[in-house]
**Student:** 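This structure is in structure tokens; I'll ask about it shortly.
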Amino acid sequence: MALPASARVDIERYWATLARSAEIGRGRPGGLSRLALGDADKQMRDEFVGWCREAGLTVRIDGMGNIFARRSGLDDSLPPVVMGSHLDTQVNGGRFDGIAGVLGGLEVCRALDALGHRTRRPLEVVNWTNEEGSRFSPPMVGSGCFVGAYGLDWARERRDDDGKSIGEELARIGYLGEMEEKPHAFDAYFEFHIEQGYYLDRDGMQVGVVTGGFPSTGMLVEFRGETAHTGPWPMERRKNALIAGARLLVAVDELGWEYAGSGGKATAARLIAWPNKPGILSDWAQTVCDVRHPDPETALVMAERMRRAVGEAAARAGCTAEILDVWNWGGAIFAPELIDQVRSASLAMGYRTQDILSQAGHDAYFVARHAPTTMIFAPCKGGITHNNAEDCDRGDLEPGLNVLLQAVVARADR
């Protein structure tokens, strides 16, 4: 039996689930601070797993703590159609970023139960580990490891500022599962997400049809210098790693301003140093920075200039530099047939729809290496995200969720 064209999600049930999530790991007023694999993340994971089991889904945890919740299909031998995103947040995060997509996948399964509809292919809802990269660098490490972009041992050894590793924290909170010998096949992957930009909200659009992502490059860079007294030590003999890191980040910021007129962006995201105290030069520093641009060739130029700035910053400060990690994502990576399916579902329901590029990083970027993938954007108020003022209402989220329901079922029932 085909899913009726009139089928919709239960927005009140979904909103209540979001409201419960918003109570776990509260940060600044109205926001969340639910860092990956912390106690609040464990509490949220436990809540999510409980909801999934109540909905009759079978839950499995992999070796990176990625949670897969499966709804059986009429033919369970077929690869599943997968929906998901992430439940972790930034240190000053909002209530919707990523969370809306994971709980949206759960709501699709709940809605299908209420409608008495069993899809031909199984469905899965996934929560990817450490999408934000706020506690452990790099971001999207759970999905990246799943698709083979990162080795399991390397990923589990990523450490936070207190020296705790991903592997240790997964074990501590009870989410260290077994990694599959090779990742199980997906028939397709849909990620519902707030836009994290202002275009849909500004233009009064209800659904963003995501056609690709800004090509982006990020780097984790380490500088080594030498401690010395800040008073007597001559300027020409100083090897101040803090200054090397600062010079790099200023150069990256200036790069962003140089390309801002054509849509480019460059971010100086993080600088830490040791000892980082008055009276002593720092002999170690670490930075995180990235560049992105809608034009792939320009994005490559920006990435190369950022890389060159590493050596220049180190040389000017008398230090050595090592690029510890580089990550790349974006481009025309999403499946045209899924993009068309999302667009068709949106138009069939009469929603105001806009094709759009994603400017942020998402787990969908890695999953696109593994299976046909697409994203669906919902507007957020003023485009404010990674901020406790991040805000959406039912009317912002409901159209995209209904599109998710119809597009996923159309794919799963074919």
**Student:** Between H193 and D97, is a side chain to side chain donor-acceptor pair (under 3.5 Å) present by the stated rule, with each step listed?
**Tutor:** CA-CA 7 Å; H193 209 284; D97 174 5; 3.1 Å; yes

**Student:** Do the side chain of S33 and the main chain of G27 share a donor and acceptor less than 3.5 angstrom apart?
**Tutor:**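 Pair absent, no side-chain N/O of S33 close to backbone of G27.
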
**Student:** Between R26 (side chain) and G31 (backbone), is there a donor-acceptor pair under 3.5 Å?
**Tutor:**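 The answer is no, because no donor-acceptor pair under 3.5 Å joins these two groups.
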
**Student:** Hey, does the side chain of W233 reach the backbone of R237 with a donor-acceptor pair shorter than 3.5 angstrom?
**Tutor:**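 Side chain of W233 to backbone of R237, a donor-acceptor pair under 3.5 Å: yes, one is there.
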
**Student:** What class does the angle between the rings of H362 and Y365 fall in, given that below 30° is parallel, 30 to 60° is tilted and above 60° is perpendicular?
**Tutor:**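 Answer is perpendicular, since the angle exceeds 60°.
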
**Student:** Are the side chain of E131 and the backbone N or O of H86 linked by a donor-acceptor pair below 3.5 Å?
**Tutor:**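 Side chain of E131 to backbone of H86, a donor-acceptor pair under 3.5 Å: no, none is there.
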
**Student:** Side chain of T267, backbone of C289: donor and acceptor closer than 3.5 Å?
**Tutor:**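 Pair absent, no side-chain N/O of T267 close to backbone of C289.
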
**Student:** Indicate yes or no: does E226 engage R238 in a salt bridge with an N to O separation below 4.0 Å.
**Tutor:**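 A salt bridge is absent here (no side-chain N lies under 4.0 Å from a carboxylate O).
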
**Student:** Do the side chains of R270 and D161 get close enough for a salt bridge, i.e. N-O under 4.0 angstrom?
**Tutor:**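 Answer for the salt bridge query: yes.
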
**Student:** Has R45 got its NZ or CZ under 6.0 Å from the middle of the six-membered ring of Y175, at an angle within 45 degrees of the ring axis?
**Tutor:**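 Pair R45/Y175 counts as cation-pi.
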
**Student:** Do any N or O atoms from the side chain of S165 and from the backbone of E168 form a donor-acceptor pair under 3.5 angstrom?
**Tutor:**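 Judged by distance alone, yes, a pair lies under 3.5 Å.
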
**Student:** Distance-only, no hydrogens or angles: does the R34 side chain make a donor-acceptor pair with backbone N or O of Q90 under 3.5 Å?
**Tutor:**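 A pair under 3.5 Å: no.
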
**Student:** Is it the case that the side chain of D41 and the backbone of L37 share a donor-acceptor pair, with hydrogens and angles ignored and the cut-off at 3.5 Å?
**Tutor:**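 Confirmed, D41 side chain pairs with L37 backbone.
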
**Student:** Answer yes or no: is there a donor N or O on one side and an acceptor on the other, between the side chain of E195 and the main chain of G383, under 3.5 Å?
**Tutor:**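 Checking the backbone N and O of G383 against the side chain of E195, no donor-acceptor pair under 3.5 Å is found.
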
**Student:** Taking L87's backbone N and O only, do any of them form a donor-acceptor pair with N127's side chain (distance below 3.5 Å, no angle check)?
**Tutor:**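 Yes; judged by distance alone, with no hydrogens or angles, the pair exists.
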
**Student:** Angle class for the W128/F186 ring planes (parallel below 30°, perpendicular above 60°, tilted otherwise)?
**Tutor:**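 Tilted.
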
**Student:** Thinking salt bridges, do R411 and D187 make one under a 4.0 Å N-O criterion?
**Tutor:**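 Looking at R411 and D187, the cut-off is met.
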
**Student:** Cation-pi check for W154 against R158: NZ or CZ below 6.0 Å from the six-membered ring centre and within 45 degrees of the axis, yes or no?
**Tutor:**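 Satisfied, under 6.0 Å and within 45°.
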
